[in-house]
Asks: 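For reference, the structure I am asking about is given below.
Fair warning: this is a prediction, and the values are worked out from it, not measured in the lab.
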Number of protein chains: 2
Amino acid sequence: MTAVQAERMGAMCDSARTHVNELLVLLSKSKMLHILYILNCDPKPMRFSEIKKSVDSSSTTVTRRLSELEAHGLVKRTAYPTVPTTVEYTLTKDAVSLAPSLESLFGWVLDRADKQ
Amino acid sequence: MTAVQAERMGAMCDSARTHVNELLVLLSKSKMLHILYILNCDPKPMRFSEIKKSVDSSSTTVTRRLSELEAHGLVKRTAYPTVPTTVEYTLTKDAVSLAPSLESLFGWVLDRADKQ
DNA sequence: CGCACAGGTTACAACATTGTTACAAGAATC
DNA sequence: GATTCTTGTAACAATGTTGTAACCTGTGCG
């Protein structure tokens, strides 16, 4: 598995390398893993305010992250013309395929936090 | 799995929450996942210059990341009194338990980069 | 002598990110 | 008429992060 991945990385052309880098930069932004994780925890669509409360950041930052995720096709944004506005966010199919990795990562983080 | 994790997060005390946050901030720093990944790719100790070349950052940043990882007990640093200095880095046992998650994450990233 | 080597450290300037504040929309409620 | 609600956006100051250039160790080599 590891060796196969290393080979893949070695054989990659420049554009693929760029994409890998882009994705890593995206995932490394503050609160990004957290947002993806909580969107994954519950299969039902989440509202902006729920996400904001859960990650504990300013709305500016949450907005930025969500739109970055949307731009990369990992999150789907649906706005309803209610008053006041209602907006829901869900993970796309692509992002759902990331879920097992995220769960595994968070499992490790939680285990490690327990031990401290 | 997901529900269990959500429950664990909900039941966490403040100090555990702090630890989770700390770990997520640590893992979200630029090049951090990359460094952990390449340290994991090869089981043998890696030298500073190899790591630096692989992640393509300034030595300042690589040094910072490696010492942050060492401070969190994820990386072990061994310096040999040769001339010029030789320094080797290896993942600790704790970090090795993170490997499957990282491999899974990178697998997703590589798959996704392929499709672009 | 003077430079090269590996693996850093330090100071500092340039750049990026974050939070804060103010504002918007438009119906409902006091 | 003022205020509340949600989901943002824009401008800006404060803060954080990064790279660059200079420097360090101590031996070997020309």
Side-chain angles (χ1 to χ4, degrees), chain A residues 17-18 20-36 38-39 42 44-72 74-92, chain B residues 17-18 20-36 38-39 42 44-72 74-92:
Chain A
R17 251 177 230 286
T18 307
V20 165
N21 237 306
E22 222 176 274
L23 285 169
L24 285 177
V25 168
L26 183 79
L27 294 179
S28 292
K29 283 173 193 266
S30 75
K31 313 289 180 175
M32 197 56 106
L33 293 176
H34 205 137
I35 290 179
L36 284 170
I38 63 149
L39 280 174
D42 207 328
K44 77 172 198 301
M46 285 190 81
R47 302 205 26 200
F48 181 80
S49 50
E50 292 180 86
I51 298 170
K52 179 175 175 332
K53 197 167 70 178
S54 173
V55 304
D56 189 37
S57 281
S58 66
S59 60
T60 335
T61 298
V62 177
T63 303
R64 277 191 281 245
R65 290 297 168 266
L66 286 169
S67 65
E68 283 159 354
L69 286 171
E70 200 194 356
H72 277 79
L74 297 179
V75 154
K76 186 167 173 297
R77 178 184 184 275
T78 317
Y80 300 98
T82 55
V83 171
T85 330
T86 305
V87 181
E88 286 182 346
Y89 293 91
T90 42
L91 294 184
T92 61
Chain B
R17 250 176 230 286
T18 308
V20 166
N21 237 306
E22 222 176 272
L23 285 169
L24 285 178
V25 168
L26 182 79
L27 294 180
S28 292
K29 283 173 192 266
S30 75
K31 312 289 181 173
M32 197 57 106
L33 293 176
H34 205 138
I35 290 179
L36 284 171
I38 62 149
L39 279 175
D42 207 327
K44 76 171 197 301
M46 283 190 83
R47 306 212 14 206
F48 180 82
S49 50
E50 292 180 87
I51 298 169
K52 179 176 176 329
K53 196 167 71 177
S54 174
V55 304
D56 190 35
S57 281
S58 66
S59 61
T60 334
T61 298
V62 176
T63 302
R64 277 191 281 245
R65 291 295 168 268
L66 286 170
S67 66
E68 283 160 355
L69 286 171
E70 200 194 355
H72 278 79
L74 297 179
V75 154
K76 185 167 174 298
R77 179 183 184 276
T78 317
Y80 300 97
T82 55
V83 171
T85 329
T86 306
V87 182
E88 287 183 344
Y89 295 90
T90 41
L91 294 184
T92 61

Asks: Go through D:dG19, C:dT18, D:dG8 for me and flag the one nearest to the A:Arg65 side chain.
Replies: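 Between D:dG19, C:dT18, D:dG8, the one nearest the side chain of A:Arg65 would be C:dT18.
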
Asks: Find the distance B:Phe48:CZ to C:dG8:P and express it as a whole number of Å.
Replies: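 After rounding, the gap between these two atoms is 5 Å.
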
Asks: Answer with base, sugar-phosphate or nothing: what part of the nucleic acid does B:Tyr80 contact at a heavy-atom distance below 4.0 Å?
Replies: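 Nothing, no nucleic acid heavy atom in range.
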
Asks: Look at the side chain of B:Thr61 and the backbone N and O of B:Ser57, then say whether any donor-acceptor pair between them is shorter than 3.5 Å.
Replies: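 Not confirmed, B:Thr61 side chain does not pair with B:Ser57 backbone.
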
Asks: Provide, to the nearest angstrom, the distance between the CE atom belonging to B:Met32 and the C1' atom belonging to D:dT17.
Replies: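 It is 13 Å, rounded to the nearest whole Å.
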
Asks: If the cut-off is 4.0 Å, is B:Arg77 near the phosphate of C:dG8, judged by side-chain N/O to OP1 or OP2?
Replies: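 So the side-chain polar atoms of B:Arg77 do come within 4.0 Å of the phosphate oxygens OP1 or OP2 of C:dG8, strictly under.
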
Asks: Classify the nucleic acid contact of A:Ser58 as base, sugar-phosphate or nothing, counting any heavy atom under 4.0 Å across all strands shown.
Replies: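 Base, at least one base heavy atom under 4.0 Å.
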
Asks: Does C:dG7 have OP1 or OP2 sitting under 4.0 Å from an N or O in the side chain of B:Arg47?
Replies: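 Yes.
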
Asks: Given atom NZ of A:Lys52 and atom C1' of C:dT20, what is their separation to the nearest angstrom?
Replies: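 Roughly 12 Å, once rounded to whole Å.
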
Asks: Just to confirm, is there a sub-4.0 Å distance from OP1 or OP2 of D:dG8 to any side-chain nitrogen or oxygen of A:Thr85?
Replies: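 A:Thr85 to D:dG8 OP1/OP2: no side-chain N or O under 4.0 Å.
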
Asks: So, is A:Ser49 close to the D:dT7 phosphate, meaning a side-chain N or O under 4.0 Å from OP1 or OP2?
Replies: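 A:Ser49 to D:dT7 OP1/OP2: side-chain N or O found under 4.0 Å.
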
Asks: Please state how far atom CG in A:Leu26 lies from atom C1' in C:dT17, giving the value in whole angstrom units.
Replies: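 A:Leu26 atom CG is separated from C:dT17 atom C1' by 15 Å.
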
Asks: Has the side chain of B:Ser30 got a donor or acceptor atom sitting under 3.5 Å from an opposite partner on the base of D:dT17?
Replies: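 Per atom types, no contact qualifies.
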
Asks: Closest-nucleotide mapping onto DNA chain C: is A:Pro84 or A:Ser57 further toward the 5' terminus? I mean the 5' end.
Replies: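 Comparing both residues, the 5'-ward one is A:Ser57.
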
Asks: Atom CG of B:Asp56 to atom P of D:dT20: distance rounded to whole Å?
Replies: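 It works out to 10 Å between those atoms.
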
Asks: Taking A:Thr82 for the side chain and A:Thr86 for the main chain, is one N or O donor matched with an acceptor at less than 3.5 Å?
Replies: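 Checked: pair present.
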
Asks: Would you say B:Tyr89 places a side-chain N or O within less than 4.0 Å of OP1 or OP2 belonging to C:dG8?
Replies: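 Affirmative; the distance criterion is met.
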
Asks: Could you check which of C:dT20, C:dG8, D:dT20 has an atom nearest any side-chain atom of A:Thr60?
Replies: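 Of the options given, the side chain of A:Thr60 lies nearest C:dT20.
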
Asks: How is B:Thr61 classified with respect to the nucleic acid when contacts are heavy atoms under 4.0 Å: base, sugar-phosphate, or nothing?
Replies: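 Sugar-phosphate: the residue B:Thr61, judged by heavy atoms under 4.0 Å, touches backbone atoms but no base.
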
Asks: Nearest-Å distance, NZ (B:Lys31) to P (D:dT17)?
Replies: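 Rounded to whole Å, this separation is 16 Å.
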
Asks: For A:Lys29 and D:dT17, what is the distance between atoms NZ and P respectively, to the nearest whole Å?
Replies: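 From A:Lys29 NZ to D:dT17 P: 14 Å.
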
Asks: Whether the side chain of A:Lys76 engages the backbone of A:Thr92 through a donor-acceptor N/O pair (distance < 3.5 Å, no angle test) should be reported.
Replies: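 No, A:Lys76 side chain to A:Thr92 backbone: no donor-acceptor pair under 3.5 Å.
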
Asks: CD of A:Glu50 versus P of D:dC5: gap in Å, rounded?
Replies: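 Whole-Å distance recorded here is 17 Å.
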
Asks: Does A:Glu50 offer a backbone N or O that forms a donor-acceptor pair with the side chain of A:Ser54 under 3.5 Å?
Replies: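 The answer is no, because no donor-acceptor pair under 3.5 Å joins these two groups.
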
Asks: Under 4.0 angstrom, heavy atoms only, what part of the nucleic acid is B:Arg64 near: base, sugar-phosphate, or nothing?
Replies: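 Here B:Arg64 touches the bases of the nucleic acid.
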
Asks: Can you tell whether the side chains of A:Glu68 and A:Arg65 come within less than 4.0 Å, N to carboxylate O?
Replies: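 Result for this pair is yes, salt bridge flagged.
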
Asks: Main chain of A:Thr63, side chain of A:Ser67: is a donor-acceptor contact present, judged purely on distance under 3.5 Å?
Replies: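 Indeed, once roles are kept as given, a pair shorter than 3.5 Å links the two residues.
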
